[in-house]
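Below, read A as the first sequence line, B as the second, and so on, with proteins coming before strands; counting in each chain starts at 1.
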Amino acid sequence: MKSLLATLALSTALTAPGLVSARPVTFATTLNNYGGDGAYLAYYVTDASGAYVGSLWMAGGKSKYYEHLSDWYRATGGNPAEINGITGASVGAGRSLEITLDLADALFDAGYTLHIDAAVEDMRDSPNEIAVPLTAEGAGTVTRGRRYIADFSYNY
Amino acid sequence: MKKTLALLAASTALTAVIALPALSEIRHRDHEEGVLSSLFGDDGGRLRLWFVSDDDDDHGYSRKYRGGDDDDDDDDDDDDDDDYGRRGGGMNPAPAGTVAPPQNGLFGTGAAPKVKVN
């Protein structure tokens, strides 16, 4: 009986981590020198049908500006619970932001798309400035933004 | 006490002397002529108007930020020490490292987010 219990405990310990298989993924974002205040950036994921799944990161901590990240805001209602624990500072013009997140393996090669909305005070909002599929093949590919984001890539 | 009562009576009497004739004029006047003519007469006499103040505007605050945002003049959110407090209404999210990431199925159960700004 004791040996059976020990075996059961061991197999559970080996199996449990695999239930949520994850990997560290780094998002690298470089901003243009657009000549304005720090940019707010919302990183979020949609599924194959375009439906919002969840947020990965929010650069910018004041919720009253979130409405200017309009696509993200429309999907979430600006609910702070969507970004608790994954919020950092806004990013200055010309600066680079590198975020390393522990993300589920299931996110890749499954039709998910990563989006980035960008906004700068007193300047035009830029929803969905970046939209890239999350795939193994896409890792390391540099994507250019159209307004505030010079380039974006992800690696793992 | 007596002095206070006396002052009160005097001010009430003064108000009555000034206001009552105007009020009775207003009631009896043709409405189209308006209040001002009741007070100052309808003989085309000169009206003296004083510009008092227009300090109920927003001091020319720029509203260039689309969406009609009403943020404060002194906001400064382009640095690394964003205010995560609760002033100005609306809940701000919890910063990274203070609570676990949301349970949205996207995160593993491993390390906390790491951030680097260059």
Side-chain angles (χ1 to χ4, degrees), chain A residues 17 19-24 26 28 30 36-40 45 53-68 70 78-93 95-107 112 119-125, chain B residues 49-118:
Chain A
L19 292 174
V20 184
S21 179
R23 67 185 80 174
T26 298
T30 302
D37 288 343
Y40 271 47
V45 171
V53 176
S55 299
L56 294 179
W57 189 257
M58 172 66 77
K62 294 184 181 172
S63 60
K64 63 183 178 181
Y65 297 124
Y66 290 163
E67 63 178 341
H68 297 279
S70 46
N79 184 2
E82 294 283 335
I83 46 175
N84 280 331
I86 52 169
T87 298
S90 55
V91 186
R95 308 290 288 271
S96 297
L97 172 69
E98 260 186 35
I99 320 156
T100 301
L101 303 168
D102 191 55
L103 298 183
D105 285 343
L107 212 45
Y112 292 105
V120 175
E121 189 172 7
D122 289 339
M123 298 179 78
R124 190 180 287 274
D125 298 345
Chain B
L49 300 175
W50 292 273
F51 177 74
V52 178
S53 171
D54 67 341
D55 66 351
D56 57 347
D57 67 358
D58 58 0
H59 303 283
Y61 174 70
S62 168
R63 301 202 46 103
K64 286 183 279 185
Y65 208 179
R66 283 179 28 173
D69 191 68
D70 60 351
D71 54 329
D72 298 330
D73 287 340
D74 60 348
D75 272 350
D76 178 17
D77 60 343
D78 62 346
D79 54 18
D80 289 336
D81 55 346
D82 277 358
D83 176 11
Y84 292 107
R86 301 288 186 260
R87 60 189 179 94
M91 292 284 286
N92 290 329
T98 60
V99 298
Q103 299 293 310
N104 54 20
L106 303 179
F107 294 95
T109 55
K114 290 180 195 158
V115 184
K116 189 169 138 191
V117 179
N118 299 315

Student: At their closest point, which heavy atom of G105(B) faces which heavy atom of A104(A), and how far apart are they?
Tutor: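 In terms of heavy atoms, the two residues are closest at O-CB, 3.8 Å.
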Student: Could you list the donor-acceptor pairs under 3.5 angstrom formed between side-chain atoms of residues 111-118 of chain B and any protein atom two or more places apart in sequence or on another chain?
Tutor:
none

Student: Contact part of S70(A) toward chain B, heavy-atom cut-off under 4.5 Å: side chain, backbone, both or neither?
Tutor: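 For S70(A), there is no contact with chain B at all, as no heavy atom is under 4.5 Å.
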Student: Short question: side chain of D102(A), backbone of F107(B) - any donor-acceptor pair under 3.5 Å?
Tutor: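 Pair absent, no side-chain N/O of D102(A) close to backbone of F107(B).
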Student: Give, as side chain, backbone, both or neither, the part of I99(A) having an atom under 4.5 angstrom from any heavy atom of chain B.
Tutor: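 Looking at I99(A), backbone and side chain both touch chain B.
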Student: Can you name the side chain to side chain donor-acceptor pair (under 3.5 Å) partners of T98(B), sequence neighbours left out?
Tutor: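 Side chain to side chain donor-acceptor pair (under 3.5 Å) list for T98(B), sorted by chain: empty.
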Student: Report which part of Y66(A) has an atom under 4.5 Å of a heavy atom belonging to chain B: side chain, backbone, both, or neither.
Tutor: side chain
Student: For residues N84(A) and A94(B), report the shortest heavy-atom separation together with the two atoms involved.
Tutor: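 So the two residues come closest at OD1-N, 2.8 Å.
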Student: Tell me which of these, G54(A), P80(A), S96(A), has more heavy-atom pairs under 4.5 Å with chain B than the rest.
Tutor: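 Heavy-atom pair counts peak at S96(A).
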Student: Between T30(A), T26(A), V45(A), L56(A), which has the largest tally of heavy atom pairs under 4.5 Å with chain B?
Tutor: L56(A)
Student: Are the side chain of T87(A) and the backbone of P93(B) linked by a donor-acceptor contact shorter than 3.5 Å?
Tutor: no
Student: Taking N104(B) for its side chain and S55(A) for its backbone only, find out whether a donor-acceptor pair lies under 3.5 Å.
Tutor: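 Side chain of N104(B) to backbone of S55(A), a donor-acceptor pair under 3.5 Å: yes, one is there.
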